**Q** 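Input: one structure, supplied below.
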Protein chains: 2
Amino acid sequence: MSSKRVLTDRGSAVPALAEAFREHGFEGASLTVLSKATGLGKGSLYNFFPGGKEEMMEAVLTDIDTWFETAIFSPLERATDPAAAVTSMIEEVTAYFRSGRRVCLVGCIGLNASGAAFADRIRRYFARWIAALADCLRAGGVTDPVAAQLAEEAVSGIQGAIVLARALGDEAAFLRIVQRQQSILIGGMIARG
Amino acid sequence: MSSKRVLTDRGSAVPALAEAFREHGFEGASLTVLSKATGLGKGSLYNFFPGGKEEMMEAVLTDIDTWFETAIFSPLERATDPAAAVTSMIEEVTAYFRSGRRVCLVGCIGLNASGAAFADRIRRYFARWIAALADCLRAGGVTDPVAAQLAEEAVSGIQGAIVLARALGDEAAFLRIVQRQQSILIGGMIARG
DNA sequence: GTCTATAGATCGATAGAC
DNA sequence: GTCTATCGATCTATAGAC
C-alpha cells in the first residue's frame, strides 16, 4: 500500500471524468453526466475540484500527460532499440485509443473554442510527442530534418486514424493506418541505420 | 437572377451556421451564438429551421455534402488527368480548411456523442471521399487494393493534419503534411501508371 | 418574416444537513 | 466527505406583437 487513504480521493475520480469528457466533449459533459460517470454527487465533485469543470479537465489533462510521459514519451527517448520502441509506441496507442473507439481528448478539445483555456497544454502535448518520436528516430540513424518530418507525420497520422475510424465505425481502418505509420517509421530507420 | 427572392432565405443562413458549429461544436453552439453568427433572431431561425439546432446542423451537413460532391468527389471520379485531379483536390481542401485553421465539421461531430444523430451522414461522407479518391487512383493505374489503401490513408492524413495544425497553431504543419500526402498519391500512380 | 418576451428545462455552482 | 436542495444563469423552444 503506497497510500494511507484507501478510496475516494480526488485522483480516483479522474479516469471516469476523462472518459466522460472524451465521450461528450467539454461542453457536452454536464455536471449531471460527470456525476453519473464518477458515481459522486455534485457536492463531492466540487469538494475535490473547487474550480468546477475547468479544474476537472485540468486534472484529466495532467493525468493524460503523466500517462503519456511514462508509457510513450520517455520510452521513445530512452530507447536502446529504436525500432522496438516505435513498435511499442504503436502497440501502446492502439490499446490506449482502443483501435480508434476511444478518441484523443487532447486533440478533440483543441478543435473547438471550448479548448481555448487549455491551448498551451494541448500544444505542448503534441510538441512533446513529436519531439520524443523524432529523438527516437535520430537514435535509429535518421538525419535531423527527416526525423522531425517523419515524427510529425506519424503523430498526425494517428490522430487522423482516430477521426476516420470513429467516423466509419471501423476499427480495422485504425489498425491499417497505424500499422502503415509503423512501417514508414521503421523503414525510415532501416534505410539509414 | 435564378431566384425570385433576393435575401434572407433559409439557405443564406447556412454558411454562418456552419462556421458557428465549426468553431463551437454542436453543444457549444447555443442559439444565442447561432443568432449572433447569422444576424437573425431566434424566432427567425426557428421559422427557417422548425426542428431547431438539429435541423440547422442537417442543413449545414447537406450544404457541405453538396460542396464536396461538386468540388472534390465528382472531379476525382471524372478525372482525365488523375495526377492533376489529386493536385487539385489538395489545393481545394487546403483552401477549404484554411490550412487547418478551419476544422472539418463532419470529422469533429463524429468524435463525440452529440454526433450520434448524424452518424450515417458522417460515415457516408468519409466513405464517399475515400471511394472517389480510390477511383481516381485506379484511373491513374493503381491496382485495386492499393488504391483503396492509399485513398484511406490520404483522407485520414488530411484529418490528422487538421487536428495537429489546430493543436499546434501551426498552419505550416498542415501544408507539410498534405503536400506529403499529395506526393504519396501521385508517386503511387507514377510507379504503376 | 422579423423581433421581443417568456415559458420550462437544464446548466454550473453553492449552501447546509448529516 | 457525502448527499439533497436550491440558487441564479443560461439553455432550447414557443408565443405573440408588429
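All of these numbers come straight from a predicted model, not from anything done at the bench. Here is the naming used below: chain letters follow the sequence lines, and residue numbers restart at 1 for every chain.
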**Q** Can you tell me the distance, in whole Å, between the NZ atom of Lys36(A) and the C1' atom of dT10(C)?
**A** 12 Å
**Q** So, using ring-ring contact (aromatic ring centres under 6.0 Å, His included) as the criterion, who are the partners of Phe174(B) when residues are at least two apart?
**A** none
**Q** Is Glu55(A) salt-bridged to Arg10(A), going by a charged N under 4.0 Å from an acidic O?
**A** yes
**Q** To the nearest angstrom, how far is Leu40(B) atom CG from dT12(D) atom C1'?
**A** 17 Å
**Q** Got a sec? Which of residues 19-30 of chain B come in under 4.0 Å of DNA chain D, heavy atoms?
**A** Ala29(B), Ser30(B)
**Q** Can you tell me how the ring of Phe68(B) sits relative to the ring of Trp129(B), calling it parallel under 30°, perpendicular over 60° and tilted otherwise?
**A** tilted
**Q** In whole angstroms, how far is the P atom of dG1(C) from the CG atom of Leu45(B)?
**A** 14 Å
**Q** Going by salt bridge (charged side-chain N to carboxylate O under 4.0 Å, His left out), name the pairs with one or both residues in residues 32-49 of chain B, residues two or more places apart or in two chains.
**A** none
**Q** How many Å lie between CG on Asn47(B) and P on dG1(C), as a whole number?
**A** 6 Å
**Q** Taking atom P of dA13(D) as reference, at what distance in whole Å does atom CD of Glu55(B) sit?
**A** 11 Å
**Q** State whether Ser44(B) places a side-chain N or O below 4.0 Å from either non-bridging phosphate oxygen (OP1 or OP2) of dC3(C).
**A** yes
**Q** With sequence neighbours excluded, give me every salt bridge (charged side-chain N to carboxylate O under 4.0 Å, His left out) pair touching residues 77-86 of chain A.
**A** Glu77(A)-Arg128(A)
**Q** Please list all pairs meeting side-chain hydrogen bond (donor to acceptor under 3.5 Å, both in side chains) that have one or both residues in residues 102-111 of chain B, counting only residues at least two apart or in different chains.
**A** Glu19(B)-Arg102(B)
**Q** With a cut-off of less than 4.0 Å, is there a side-chain N or O of Thr32(A) near OP1 or OP2 of dC11(C)?
**A** yes
**Q** Who passes side-chain contact (heavy atoms from CB on, under 4.5 Å) against Cys108(A), sequence neighbours left out?
**A** Val103(A), Leu111(B)
**Q** For Leu17(B) and dT12(D), give me the distance from atom CG to atom P, rounded to whole Å.
**A** 13 Å
**Q** Rounded to whole angstroms, how far apart are CZ on Phe49(B) and C1' on dG1(C)?
**A** 14 Å
**Q** According to ring-ring contact (aromatic ring centres under 6.0 Å, His included), who are the partners of Phe126(A), at least two apart in sequence or on a separate chain?
**A** none
**Q** What is the distance, to the nearest angstrom, from the CZ atom on Arg10(A) to the P atom on dT2(D)?
**A** 14 Å
**Q** Taking only nitrogen or oxygen atoms into account, show me every contact under 3.5 Å that the protein makes with nucleotides 13-17 of chain C, one pair per line with its distance.
**A**
unit_1, atom_1, unit_2, atom_2, d
dA13(C), OP2, Tyr46(A), OH, 2.6
dA13(C), OP2, Lys53(A), N, 3.4
dA13(C), O5', Tyr46(A), OH, 2.9

**Q** With a 3.5 Å cut-off and sequence neighbours excluded, list the donor-acceptor pairs that the side chains of residues 89-98 of chain A form with protein atoms.
**A**
unit_1, atom_1, unit_2, atom_2, d
Thr94(A), OG1, Ile90(A), O, 2.7
Tyr96(A), OH, Arg22(A), NH1, 3.3

